[in-house]
2 protein chains.
Amino acid sequence: MASKSRYPVQAAATTFRVIETLHQLNGAGVSELSEALEMPKSTVHDHLQTLTEAEYLVNENGTYHVGARFLELGGFARSQMKLYQVASPEIKKLAEETGEHANLMIEEHGKGIFLNKSKGPDAVNLDTHIGKRVHLHTTALGKAILSRESEEVVDEIVERHGLPSVTEKTITDIEELKQQLAKIRDRGYAIDDEERVIGMRCVAAPICDENERPIGAISVSGPTNRFDESTFNAEIPKSVLSTANVIEVNMTYS
Amino acid sequence: MASKSRYPVQAAATTFRVIETLHQLNGAGVSELSEALEMPKSTVHDHLQTLTEAEYLVNENGTYHVGARFLELGGFARSQMKLYQVASPEIKKLAEETGEHANLMIEEHGKGIFLNKSKGPDAVNLDTHIGKRVHLHTTALGKAILSRESEEVVDEIVERHGLPSVTEKTITDIEELKQQLAKIRDRGYAIDDEERVIGMRCVAAPICDENERPIGAISVSGPTNRFDESTFNAEIPKSVLSTANVIEVNMTYS
DNA sequence: GCATATGTCCGGTAATGCCGGATGGGGTAT
DNA sequence: ATACCCCATCCGGCATTACCGGACATATGC
C-alpha cells in the first residue's frame with residue numbers, strides 16, 4: 001500500500017495492536033475490541049484465539065485479558081538488567097534521604113521508559129508506573145539523557161516523535177530544547193518545572209558508561225510547594241548528582 | 001497440516017516463538033536465532049525487523065534484544081492487580097516475621113506464575129524471579145491452588161501439562177497427587193519438601209474468592225535445615241494461614 | 001586477499017490472513 | 001413464555017502476504 005513497508009510481517013504488527021488495545025481497555029470482549037480497533041470482529045477473534053491458545057492472553061467467558069506471561073518477557077536484556085540492579089538500591093536510598101519519589105529511566109526507540117521507582121516517606125502519588133513510556137523532552141530524566149546524546153541523535157528523535165506538549169510549560173521549540181540541553185551539560189543536572197505534570201517538579205542526572213554515552217538517568221520528583229528555590233537549585237541536585245556518580249562507579253567496577 | 005489449527009494466525013505464533021527464543025538467549029543475532037528456531041534466516045529477519053520497527057525489540061548493531069516495552073504489558077489485568085496490591089504488603093510482613101522468602105503465585109493456563117516475592121532478612125537466594133512459570137504440582141503454592149480446584153480441572157491440567165519431575169522427590173503419580181490434595185484441603189495448607197529444588201522446603205496456603213474458587217496462593221520457603229519438624233509443621237503453617245486469611249478478608253471487603 | 005562469517009535485501013509463489021456472513025447461546029424486557 | 005438483541009464463535013473463499021531461496025554488502029581473521 002502506502003510505504004514500502006518496514007513491516008514485512010503485518011500480521012505481527014496487527015497482533016500487537018490487538019494486545020496493546022486490550023491492555024489499554026484493561027480487558028474486553030471481541031465486539032468491544034473490534035470497534036476500538038476498527039477491524040472486523042472475525043479478524044480480531046482470529047488473533048485473540050491464537051494468542052490465547054499460545055497462552056499470552058486469558059479468556060474468561062468471552063472477556064479477554066492480557067496474561068501474566070508478559071511479566072516474564074519484561075525481564076530486560078542483560079545490560080539493562082545490570083543498570084537496574086546497580087541503581088535500584090541507590091535510588092531507594094535517595095528516596096529515603098529526600099523523602100520524595102526517586103526514579104530510574106532508560107531510553108529506547110527515542111522514548112523514555114521508567115525502569116524503577118522508589119517511594120520516599122513523604123512522596124505523593126504519581127501516574128508513573130514501571131514500564132510507562134513518555135516523550136523524553138517532557139521530563140527532567142529524558143532531558144538529562146538527551147543532554148549526553150549527539151546533536152544528530154537529538155534531531156532524529158525530535159523528528160521522529162515531535163515535541164508534543166502535555167502541559168502549558170512543556171518545551172515545544174527545538175531551539176529552546178537545545179539551549180536547555182547545553183545548560184544541562186554545563187551544570188550536570190536537568191530540571192523539570194511542571195513540564196509533564198502541573199504541580200510537580202523534578203531534578204535528574206544522567207548515567208553514562210565508560211564511553212560517556214548515556215545509558216539512563218535518575219531523578220527526584222515532588223510537589224512544587226516542597227521544591228522551593230533553595231532545595232530545587234542546590235540541595236536536591238547535589239544529592240541526585242552524587243547518587244548518579246555512585247551508580248556510574250558501581251557500573252564500571254563490578 | 002497436523003491439527004485443525006486453533007492457531008488461525010500462524011504468523012502471530014511464529015512471532016512469539018521468535019521473541020521467546022530471543023528472550024531465552026538474552027539477545028542474539030539473526031543467524032544464531034535462525035539456527036535455534038530452525039527457520040530460514042530471511043524469515044527470522046522479517047519478524048525481527050517488524051518487531052523492532054514496532055518498538056518491541058531493540059537492535060544494537062545486528063544484535064537484537066527484547067525491549068523494555070514488555071514491562072508495560074506486564075501490568076496485569078485488574079482483578080489480578082487487586083490481588084497483587086492486597087497481598088504484597090502482607091507477604092512482606094510475612095517475610096519479615098519468618099525471616100525467609102515469602103511468595104505470591106497465581107494460576108494461568110494450568111501453570112503457576114510467581115506474581116511477587118519478598119525477601120526476609122535471613123532469606124537465601126532463589127531461582128524464582130517474578131513472572132517465572134512453573135508446573136503447579138512441583139510447588140507447595142501450586143498444590144495449594146490445585147487443592148481448591150474441582151477434580152475435573154485437576155485432570156485437565158495434568159493431561160495438558162503432565163507431571164514432569166524436576167527433583168527425585170517431585171510427585172509424578174496422579175493418584176499420589178490427589179491424595180495430597182485431599183490432605184491439603186483437610187488441614188488448609190500445602191507443603192513442598194524438596195520437590196522443586198533440593199535443599200528447599202516450602203509451606204503454602206490458597207487464597208480464594210467469595211465463591212471459594214482459588215485465585216492464588218502465598219507461601220514461605222527456606223532451606224531444609226532451618227525448616228525443622230516443629231517449624232515446618234506448626235509455626236510456619238500458622239503464620240501462612242493467618243496471612244492468607246487476612247488477604248482473603250481484604251480482598252472481599254475493599 | 002582470500003575465505004567465511006555476519007546482517008540485510010529482493011522477488012516469486014504457495015499458503016493463509018482477512019473478512020462477510022451464518023450459527024447458537026445467554027440475557028432481558030415485554 | 002416468547003421474542004428480541006447482542007454476544008462470542010465458527011465457516012468458507014478470495015486476495016493478500018508470509019515465507020523462503022538466493023544474492024549482496026560488509027566485517028573479521030587467517
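Values below: every heavy atom of this structure, side chains too, minus hydrogens, waters and symmetry copies. Numbered from 1 within each chain, the chains take letters A, B, ... in sequence-line order.
- No more than 12 heavy-atom neighbours from other residues, nucleotides or ligands sit within 6.0 angstrom of CG on N61(A).
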Contacts under 3.5 angstrom, residues 108-116 of chain A side chains, donor-acceptor by atom type, not counting sequence neighbours:
unit_1	atom_1	unit_2	atom_2	d
E108(A)	OE1	A68(B)	N	3.1
E108(A)	OE2	A68(B)	N	3.0
H109(A)	NE2	L57(B)	O	2.6
N116(A)	ND2	S88(A)	OG	2.8

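- The two residues I145(A) and A217(A) come nearest to each other via the heavy atoms CG1-CB, 3.7 Å.
- Rounded to whole Å, the distance from CG on L57(B) to P on dG7(C) is 14 Å.
- Salt-bridge annotation for K41(B) and E35(B): absent, with no side-chain N of the basic residue lying under 4.0 Å from a carboxylate O of the acidic one.
- The end-to-end axis angle of the helix from dC2(C)-dG29(D) to dT30(C)-dA1(D), rounded to 10 degrees and based on five pairs per end, is 40°.
- Annotation: R213(B), atom CZ; neighbour count of heavy atoms from other residues, nucleotides and ligands within 6.0 Å does not exceed 12.
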Original post:
Given the rule in the side-chain contact (heavy atoms from CB on, under 4.5 Å) test, do T14(B) and L37(B) qualify, once you have shown the distances and angles that lead to the verdict?
Top reply: CA-CA 10 Å; T14(B) 307; L37(B) 289 162; over 6 Å; no
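- Closest approach of P164(A) and T138(A) over heavy atoms only: O-CG2, 4.1 Å.
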Nucleotide N/O to protein N/O under 3.5 Å, stretch nucleotides 17-20 of chain C:
unit_1	atom_1	unit_2	atom_2	d
dG17(C)	OP1	Q10(B)	N	3.3
dG17(C)	OP1	A11(B)	N	3.4
dG17(C)	OP2	P8(B)	O	2.3
dG17(C)	OP2	V9(B)	N	3.4
dG17(C)	OP2	Q10(B)	N	2.9
dC18(C)	OP2	H47(A)	NE2	2.6
dC19(C)	OP2	T43(A)	OG1	2.8
dG20(C)	N7	S42(A)	OG	3.3
dG20(C)	O6	S42(A)	OG	3.0

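- In this entry the distance linking NE2 of H45(B) with P of dG22(D) reads 19 Å, nearest Å.
- Distance L48(B) CG to dC19(D) C1': 14 Å, rounded to the nearest Å.
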Original post:
Does the pair K143(B) and L136(B) meet the rule for a side-chain contact (heavy atoms from CB on, under 4.5 Å), with working shown?
Top reply: CA-CA 6 Å; K143(B) 290 190 288 184; L136(B) 290 169; over 6 Å; no
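- In this structure, N61(A) does not reach the dC7(D) phosphate: none of its side-chain N or O atoms is under 4.0 Å from OP1 or OP2.
- Listed by chain and residue number, Y56(A) satisfy the ring pair (Phe, Tyr, Trp, His ring centres under 6.0 Å) test with F70(A) (two or more places apart in sequence, or in another chain).
- For the residue pair I207(B) and L83(B), the shortest heavy atom distance occurs at CG2-CD1, 4.3 Å.
- Sorted by first and then second residue, the pairs that involve residues 16-26 of chain A and meet salt bridge (Lys or Arg N to Asp or Glu O under 4.0 Å), not counting sequence neighbours, are E20(A)-R69(B).
- Summarising the geometry, the separation between CD on Q49(A) and C1' on dC10(D) is reported as 9 Å, rounded to the nearest angstrom.
- Here Y64(B) does not reach the OP1 or OP2 of dT6(C): none of its side-chain N or O atoms lies under 4.0 Å away.
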Within the sub-3.5 Å range, which N or O atoms of nucleotides 23-30 of chain D have a protein N or O partner, and how far apart are they?
none

